[in-house]
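What's counted below: heavy atoms across the whole structure, side chains too, no hydrogens, waters or symmetry copies.
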Amino acid sequence: MAENTTQYGWDGSMGISLYDKIRQDMKAAMRKKDTAVRDTMRLIMGAFPEITVPITLESGKKSTRAKTPEEITDEDIHNIIRKFVKSEKTVLEIKKETSSDYLELLESYLPKMATTEQIDAWIKSNVDFSAIKSPMQAMGAVMKHFGKLADGNQVKAVLQGMSVEK
């Protein structure tokens with residue numbers, strides 16, 4: 001993948017929705033006969049019908065319907081991609097490998113994760129350790145701030161590395 005000149009991947013500063021970028025990248029991959037990228041884009045787009053909104057039928061029954069392309073948010077697509085990333089990491093773990101072109105491609109469409117340094121800096125400037133008994137009690141506040149941009153295990157490791165000063 002690194003040898004490709006076309007920039008696959010997405011970030012919010014591009015001024016294009018993630019939905020449109022995935023469609024563009026699939027077309028570009030088809031033109032370049034880049035089957036790995038094409039198949040990955042098809043996999044992501046194939047999961048779009050799973051993105052649903054709750055509706056109430058005339059009978060009063062609760063149901064769901066697939067979102068239209070206009071209703072699909074970047075966050076909806078991020079959730080789909082995160083599912084694929086999680087399953088690929090599981091497969092790589094079994095194979096005792098750390099990464100794959102497929103995983104790197106999927107991750108290029110997700111927002112950049114917070115670094116250990118960013119998490120550490122935020123904790124030091126926002127968590128009052130004098131008010132808590134254990135650094136782990138700050139876990140909820142840290143995860144709430146970073147949301148899906150921080151890995152829980154990463155935050156846990158940073159917190160375990162800190163000591164509470166009395």
### Task
Indicate if Leu110 and Val37 have the same hydrophobic cluster label, given that clusters are the connected sets of ILVMFWY residues with side-chain heavy-atom separations under 4.5 angstrom.
yes

### Task
Is it possible for you to say whether Leu103 and Met113 belong to one hydrophobic cluster, with membership spreading through side-chain heavy-atom contacts below 4.5 Å?
no

### Message
If you apply the rule side-chain contact (heavy atoms from CB on, under 4.5 Å), what do you find for Met139 with Lys144, and how did you get there?
### Response
CA-CA 8 Å; Met139 183 88 178; Lys144 186 174 182 182; over 6 Å; no

### side-chain contact (heavy atoms from CB on, under 4.5 Å) between Ile55 and Thr64, intermediate numbers included
CA-CA 5 Å; Ile55 57 170; Thr64 59; 5.6 Å; no

Can we say [X] and [Y] salt-bridge, meaning some charged N sits less than 4.0 Å from an Asp/Glu carboxylate O?
X	Y	answer
Lys95	Glu88	no
Glu75	Arg82	yes
Glu107	Lys112	no

### Task
Give a yes or no on whether the backbone of Gly9 and the side-chain of Tyr109 come within a donor-acceptor separation of less than 3.5 Å.
yes

### Query
Within the side chain of Trp10, is there an N or O that forms a donor-acceptor pair under 3.5 Å with the backbone of Ile16?
yes

How long is the gap from [atom1] on [X] to [atom2] on [Y], to the nearest 0.5 Å?
X	Y	atom1	atom2	result
Ile80	Met45	CD1	CE	10.5 Å
Thr98	Lys89	OG1	NZ	11.0 Å
Leu43	Leu105	CG	CG	10.5 Å
Leu149	Met143	CG	CE	9.5 Å
Glu104	Asp101	CD	CG	6.0 Å
Ile22	Lys27	CD1	NZ	13.0 Å

Which heavy-atom pair separates [X] from [Y] by the least distance, and what is that distance?
X	Y	result
Pro49	Ala66	O-CB, 3.8 Å
Asp25	Gln7	OD1-O, 4.3 Å
Lys62	Thr56	NZ-OG1, 3.5 Å

Is any side-chain heavy atom of [X] closer than 4.5 Å to a side-chain heavy atom of [Y]?
X	Y	result
Asp34	Tyr8	yes
Gln160	Pro135	no
Leu106	Ile44	yes
Asp11	Pro111	no

Tell me whether [X] at atom [atom1] has more than 12 heavy atoms from other residues, nucleotides or ligands lying less than 6.0 Å away.
X	atom1	result
Arg38	CZ	yes
Glu93	CD	no
Lys156	NZ	no

### Message
Go through it in stages, so that I can follow the logic: the residues are Phe48 and Tyr19, the test is ring pair (Phe, Tyr, Trp, His ring centres under 6.0 Å), and I'd like the CA-CA distance, side-chain angles, deciding distance and then a yes or no.
### Response
CA-CA 10 Å; Phe48 287 173; Tyr19 180 87; 5.2 Å; yes

Which donor-acceptor pairs under 3.5 Å do side chains of residues 120-127 form with protein atoms, sequence neighbours excluded?
from	atom 1	to	atom 2	distance (Å)
Asp120	OD2	Lys124	NZ	2.9
Trp122	NE1	His145	ND1	3.3
Trp122	NE1	His145	NE2	3.1
Ser125	OG	Ala121	O	3.1
Ser125	OG	Trp122	O	3.3
Asn126	ND2	Trp122	O	2.9

### Query
With sequence neighbours excluded, what pairs up with Asn153 under the side chain to side chain contact (heavy atoms under 4.5 Å, CB included) test?
Asp151

### Query
Would Lys67 and Glu50 count as a side-chain contact (heavy atoms from CB on, under 4.5 Å) if you check the C-alpha gap in whole Å, the side-chain angles of each, and the deciding distance to 0.1 Å?
CA-CA 9 Å; Lys67 283 188 176 183; Glu50 295 172 24; over 6 Å; no

### Task
Report the C-alpha separation of Ile81 and Val85 in whole Å, then their side-chain angles, then the decisive distance to 0.1 Å, and conclude whether the side-chain contact (heavy atoms from CB on, under 4.5 Å) test is met.
CA-CA 6 Å; Ile81 295 171; Val85 164; 4.2 Å; yes

## Note on the structure
With sequence neighbours left out, the residues meeting side chain to side chain donor-acceptor pair (under 3.5 Å) with Thr73 are Asp76

